[in-house]
Amino acid sequence: MSEQIRVRFAPSPTGPFHIGGARSALFNWLLARKYKDGKLILRVEDTDRARSTKESEENIKEALKWLGLTWDEGIDVGGEYGPYRQTERLHLYQEFTDKLIAEDKAYYCYCTETEIEAEREALRAENKMPIYQGHCRNLTAEQRAQYEAEGRKPVVRFRTPENQQVMFKDLVRGQMCFESNGIGDFVIVKADGMPVYNYAVVLDDALMKISHVIRAEEHLSNTPRQVVLFEALNLPVPIFGHISLILGKDHSKMSKRHGATSVDQYRKLGYLPEALVNFLALLGWAPQDEKEIFSAEELIEAFSMDRVAKNPAVFDIDKLNWINAHYIKQAKPEKITMLAIPHLVEKGYIKGPLTDVEMAKLVSFVAVIQDHLSFAAQVVNFADIFFKDDVLIESDEARETLLDETTPAVINLFKDKLKALEVVDAKAIKPIFKVITKELKVGGQKVYMPLRVALTGQMHGPDLVGLVEVLGRDKVIKRIEETMMRVK
RNA sequence: GGCGCGUUGGUCAAGCGGUUAAGACACUGCCCUUUCACGGCGGUUUCAUGGGUUCGAAUCCCAUACGCGUCACCA
């Protein structure tokens, strides 16, 4: 690609930032970063006045920043092709609309929504395509004046050329071809003066000199409408690339039913941005080799549009969890702790602000369980071990472990040894277990298990040595004593 | 319904006329670990169906089925 790469991400701020949108943004970003002069433009498509909100726009920006998907031109950062919010570009669209009308390539349509709806119904009933039948296609000046007098507010429709083949190039799907007759005269400017998506997007992409339009497949069927407009306006047609949709487990489009769908939800659950980026890249794109774990830099290096798949991909939370677990293991315990705290607060484990000492202890605890986590919120699954001093014995099997005839001796010896320690750290604690097996002549099972159950109530869990160190001598002794009292 | 896109194991997927049809997640077996997890080594499971073309087809062509998208004064 010799010309400059200029790609854009153009979300409409009508709700929480969707995971699918994040992938579109990611692919565009990767393309922009791959080429030295590549530019990513962030444009906001806010022409739907009823649904667009400032909060959504903020949410999208925050999510993009969190994911590390930086943009070179667009809202907040500016650029020479601004403004970058469609509602601030109305004067630009107006110019082109006037021109189209003057050239008779577009016309005013006074049909009301109910009239149009009735027409559509009728066509559908006959099993025909529900396209506009051209009622206002050739109105006389008198007819128009009549409608105006009635107070009707017109929309502007594009006069779609008949019997033409509309072709365009798609990087993912190859050469595409549609019949113009299947399109009909579509609305380009609403009655409130707002341009319709298919119109504004064409003008913006052309005016912002976008070279490649990479977006979701749901736009594929809309593309001929846009191509026809590019041609009518004598504007260069960009190269398209329609990436397939992300589906839920049941193969329908991802929705709330499938669990978390917004970037924000994953962020709050304690997924790491690098993991999400890594995972999203692998949904619909495959590297040449067998690598699975990619840093952003490695993705930029390896990414290319011709390895983007045509078929839709099912969002597999198990794989995301696996990737995230990988990044969690590499992360600093402090970081995971910070992500987990809101969840610990929510579950009532943490009441007020933590002191420095408490915080340090919590961090050490997180370090002990870090390898067990798929995402930070899972810390609450282990929180009882850390926060709850009255141990709940999880099963009869665990109880039996405590009733073992060797158990009292083990527990007592352990307490003595622990009390005798000058410094209570992992290095000092570890040998205790060995010594006990030797002195009491019992197997490791008989030492570790009763102590684990007395301390946590559970048969399985994080490393005991680490646990004893983090909990501290007093708490450990108090806990085992109380548990033993209770089983007797 | 028209138009369009798609269909390799439960999931992500490699493959682009000749392969024992990669790899990863999940599942599972063993090892490691005196628990679990991590990690290591194995295993089960796939070319939607039917026709062609070809010496040879997961790969090319045509049907059928199924899934999805779109046909808005939403984007």
Side-chain angles (χ1 to χ4, degrees), chain A residues 10-15 45-48 50-52 86 109 111-113 116-117 120 123-131 153-157 170 172-173 176-179 181-184 186-198 200-201 215-225 242 244-245 247 249-253 279 282-293 307 309-323 325-326 329 369-373 433-434 437 442-449 451-453 456 458-464:
Chain A
S12 63
T14 52
E45 312 216 325
D46 56 350
T47 53
D48 185 343
R51 295 196 301 147
S52 295
Q86 287 185 328
C109 168
C111 297
T112 62
E113 288 192 64
I116 295 290
E117 195 47 51
R120 265 202 285 269
L123 285 166
R124 263 191 235 272
E126 287 180 66
N127 257 336
K128 284 188 187 157
M129 242 185 299
I131 57 175
K153 281 249 193 297
V155 298
V156 179
R157 280 185 190 273
D170 191 290
V172 179
R173 285 150 220 287
M176 303 294 336
C177 183
F178 292 78
E179 298 294 330
N181 291 356
I183 298 173
F186 56 95
V187 175
I188 57 175
V189 180
K190 307 178 206 177
D192 68 358
M194 280 289 165
V196 153
Y197 163 74
N198 277 316
V201 78
R215 66 199 350 172
E217 191 190 331
E218 57 194 295
H219 295 288
L220 186 58
S221 301
N222 274 322
T223 308
R225 261 167 262 268
H242 289 96
S244 56
L245 264 23
L247 271 27
K249 262 240 165 331
D250 62 356
H251 287 220
S252 68
K253 205 170 156 180
F279 173 68
L282 259 20
L283 270 191
W285 170 81
Q288 224 148 35
D289 53 25
E290 290 165 7
K291 209 167 141 85
E292 298 276 341
I293 299 294
R307 294 192 67 80
K310 297 177 172 66
N311 52 309
V314 173
F315 187 93
D316 182 9
I317 189 73
D318 285 331
K319 182 121 182 193
L320 204 214
N321 282 339
W322 175 74
I323 291 179
H326 170 87
K329 279 180 207 108
I369 60 169
Q370 197 162 339
D371 279 1
H372 296 251
L373 305 172
F433 293 89
K434 277 235 167 73
T437 56
V442 293
Q445 286 275 9
K446 300 276 187 197
V447 177
Y448 279 80
M449 273 309 168
L451 282 166
R452 175 178 294 285
V453 173
T456 69
Q458 297 168 12
M459 299 288 287
H460 311 295
D463 174 56
L464 248 193

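Note that the structure is predicted; figures quoted are calculated from it, not measured. Naming: A, B, ... by sequence-line order, numbering from 1 per chain.
Rounded to an integer number of Å, the gap from CZ of A:R307 to C1' of B:C16 is 11 Å. The interatomic distance linking A:H326 (NE2) with B:C12 (P) rounds to 22 Å, in whole Å. The separation between A:K310 atom NZ and B:C16 atom P is 14 Å, rounded to whole Å. One can place CD1 of A:I317 at 16 Å from P of B:U11, the figure rounded to the nearest angstrom. Taking atom CG on A:N311 and atom C1' on B:C47, their separation rounds to 13 Å, with Å as the unit. For the pair A:F279 CZ and B:C12 C1', the computed distance is 8 Å after rounding to whole Å. Rounding to whole angstrom units, CD1 of residue A:I293 and P of B:C38 are separated by 14 Å. Computed from coordinates, the A:I323 CD1 to B:A13 C1' distance equals 13 Å when rounded to whole Å.
Comparing the same atom, P, in B:A57 and in B:A21 gives a spacing of 14 Å after rounding to whole Å. Rounded to the nearest Å, the gap between the P atom of B:U44 and that of B:A22 is 11 Å. Between B:C60 and B:G15, the distance separating the two C1' atoms is 15 Å to the nearest Å. Comparing B:U49 with B:G29, their C1' atoms sit 36 Å apart, to the nearest whole Å. The same atom, P, is picked in B:G56 and in B:A13; the two are 33 Å apart, to the nearest Å. Of the C1' atoms belonging to B:U8 and B:A58, the separation is 7 Å, rounded to the nearest Å. Comparing the same atom, C1', in B:U7 and in B:U64 gives a spacing of 13 Å after rounding to whole Å. For B:A75 and B:C62, the P atoms lie 37 Å apart once the distance is rounded to whole Å.
Across A:S244 and A:R173, no two heavy atoms sit closer than the pair N-NH2, 3.6 Å. Nearest heavy atoms, A:N222 versus A:E218: ND2-O, 4.2 Å.
If you check B:U8, B:A37, B:C38 against the side chain of A:K329, the one that comes closest is B:C38. Checked against B:C5, B:A13, B:C3, the side chain of A:F178 finds its nearest nucleotide in B:C3.
Take A:N181 and apply the side-chain hydrogen bond (donor to acceptor under 3.5 Å, both in side chains) test, not counting sequence neighbours, and it matches A:N163. Remark: A:K128 engages A:E126 in a salt bridge (charged side-chain N to carboxylate O under 4.0 Å, His left out) (not counting sequence neighbours). Applying the side-chain contact (heavy atoms from CB on, under 4.5 Å) test to A:P287 and every residue at least two apart in sequence or in another chain returns A:L282, A:W285, A:D289, A:F294. By the side-chain contact (heavy atoms from CB on, under 4.5 Å) test, A:E117 is found to be paired with A:R120, A:E121, residues two or more places apart in sequence or in another chain being considered. For A:Q445, the side-chain contact (heavy atoms from CB on, under 4.5 Å) test picks out A:M449, with sequence neighbours left out. Scanning for side-chain contact (heavy atoms from CB on, under 4.5 Å) contacts around A:A191 gives A:K153, A:V155, with sequence neighbours left out.
Both distances falling under 3.5 Å, in either a Watson-Crick or a G-U wobble arrangement, occur for no nucleotide opposite B:A22. A 3.5 Å limit on both hydrogen-bonding distances identifies no Watson-Crick or G-U partner for B:U34. B:G67 and B:C5 make up a base pair, with Watson-Crick or G-U wobble contacts both under 3.5 Å. For B:C60, the paired base is B:G52 (Watson-Crick or G-U wobble, both distances below 3.5 Å). Pairing partner, B:A13: none, since no Watson-Crick or wobble contact has both distances short of 3.5 Å. Taking a pair to require two hydrogen-bonding distances under 3.5 Å in either a Watson-Crick or a G-U wobble arrangement, B:G43 pairs with B:C27. Pair assignment for B:A72: none, as no Watson-Crick or G-U wobble contacts are both less than 3.5 Å.
Using a 4.0 Å heavy-atom distance criterion, A:R173 is classed as a sugar-phosphate-only contact. Counting non-hydrogen atoms under 4.0 angstrom, A:G184 reaches nothing in the nucleic acid. Base contact: A:D463 has a heavy atom under 4.0 Å from a base atom. Among the heavy atoms of the strands lying under 4.0 Å from A:M176 are primed sugar atoms or P, OP1, OP2 only; no base atom is included. At the heavy-atom level, A:R215 lies nowhere under 4.0 Å from the strands shown.
Between A:L373 and A:W285, the residue anchored nearer the 5' end of RNA chain B, judged by the nucleotide with its closest heavy atom, is A:W285. Comparing A:L464 and A:A286 by the nucleotide of RNA chain B that holds the closest heavy atom to each, the one mapping nearer the 5' end is A:A286.
A heavy-atom distance below 4.5 Å is not found between the side chains of A:H242 and A:M176. Side-chain contact between A:N321 and A:F279 is absent, with no heavy-atom pair separated by less than 4.5 Å.
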Show me the donor-acceptor pairs within less than 3.5 Å that the side chains of residues 309-320 of chain A make with the rest of the protein, sequence neighbours left out.
unit_1	atom_1	unit_2	atom_2	d
A:D316	OD1	A:D318	N	3.2
A:K319	NZ	A:E292	OE1	3.1

Heavy-atom contacts, protein to nucleotides 19-28 of chain B, under 4.0 Å, summarised as B (base), S (sugar-phosphate only) or - (none) per nt, yield ---SBBBS--
Contact string for nucleotides 59-75 of chain B, one letter per nucleotide 5' to 3', B = base within protein heavy-atom range under 4.0 Å, S = sugar-phosphate only, - = neither, reads ---------SBSSSBBB
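For the side chain to side chain donor-acceptor pair (under 3.5 Å) with A:Y197, the qualifying choice from A:H219, A:Q86, A:R225 is A:H219, the only one to do so.
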